[in-house]
**Student:** 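Have a look at this one before I ask anything.
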Amino acid sequence: VQMTQSPSYLSASPGESVSISCKASKSISNNLAWYQEKPGKANKLLIHSGSTLQSGTPSRFSGSGSGTDFTLTIRSLESEDFAVYYCQQYNEYPLTFGSGTKLEIK
Amino acid sequence: EVQLVESGGGLVQPGRSMKLSCAASGFTFNNYDMAWVCQAPKKGLEWVATISYDGSSTYYRDSVKGRFTISRDNIKSTLYLQMDSLRSEDTATYYCARQARGFAYWGQGTLVTVSS
């Protein structure tokens, strides 16, 4: 399953809201996870099952979608949110990731 | 607290072997599938291999099939990745991760550099 993630880069200001898209090449039901990558820190699972927040994920993060189209939305951006985000399908092997979205401060 | 600590990376020549280890603590290791995920320099994340909670099933990405072997020791709470016939394109940071509806916990990674 190929995962097409867009955009590759996103520039936004604190307080704004952003959305990241992830499209699967075939239906993956809701077997999709979102991760946050920050330098020097372990990768963090934000959302699983398409829309379920992992324990500890702030409520300003939300996930939506099922089948082939998914979206990660971050509302009211905070400084700690500027990072790289990946989607990943776990519906079937080989497990596959999107190519990543780098969220930068404007 | 869940901890995953990788070790065993370093510089290795093409065609040689290397074995990575991941020491797990803070959870019941034999209850979870475990995985290796890699990230080449300045690239994205790529899944490498998964082993089931009891070691009975393993899964690999095509590019490492026949060269890499994932294994685990549930007594020692340790995950392994034996990497044979290494190629320059295997150069990456390798992370171990606990797998259940995604990868809920990750280690900090160990860098493997394949170069002559």
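In what follows, every chain begins at residue 1, and chains take the letters A, B, ... in the order their sequences are listed.
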**Student:** Please classify the contact between B:Phe103 and chain A as side chain, backbone, both or neither, with a heavy-atom cut-off of under 4.5 Å.
**Tutor:** both
**Student:** With a 4.5 Å heavy-atom cut-off, do B:Phe29 and B:Met34 have their side chains touching?
**Tutor:** yes
**Student:** Taking B:Tyr95, B:Tyr60, B:Trp106 one by one, which has the highest count of heavy-atom pairs under 4.5 Å against chain A?
**Tutor:** B:Trp106
**Student:** Could you verify whether a donor N or O on one side chain and an acceptor N or O on the other, from A:Thr96 and A:Gln89, lie under 3.5 Å apart?
**Tutor:** yes
**Student:** With a 4.5 angstrom heavy-atom cut-off, which part of A:Asn31 approaches chain B: side chain, backbone, both or neither?
**Tutor:** neither
**Student:** Which atoms of B:Glu46 come close to chain A, meaning under 4.5 Å heavy atom to heavy atom: side chain ones, backbone ones, both, or neither?
**Tutor:** backbone
**Student:** Between A:Thr52 (side chain only) and A:Ser49 (backbone N and O only), is there a donor and an acceptor less than 3.5 Å apart?
**Tutor:** no
**Student:** How far apart are the closest heavy atoms of B:Ala104 and A:Gln54, and which atoms are they?
**Tutor:** CB-NE2, 3.9 Å
**Student:** With a 4.5 angstrom heavy-atom cut-off, could you sort out which part of A:Ala42 is near chain B: side chain, backbone, both or neither?
**Tutor:** both
**Student:** Would B:Asp84 and B:Arg16 pass as an ion pair if we require N to O under 4.0 Å?
**Tutor:** no
**Student:** Examine whether an atom of B:Val37 lies under 4.5 Å from a heavy atom of chain A, and if so say whether it belongs to the side chain, the backbone or both; otherwise answer neither.
**Tutor:** side chain
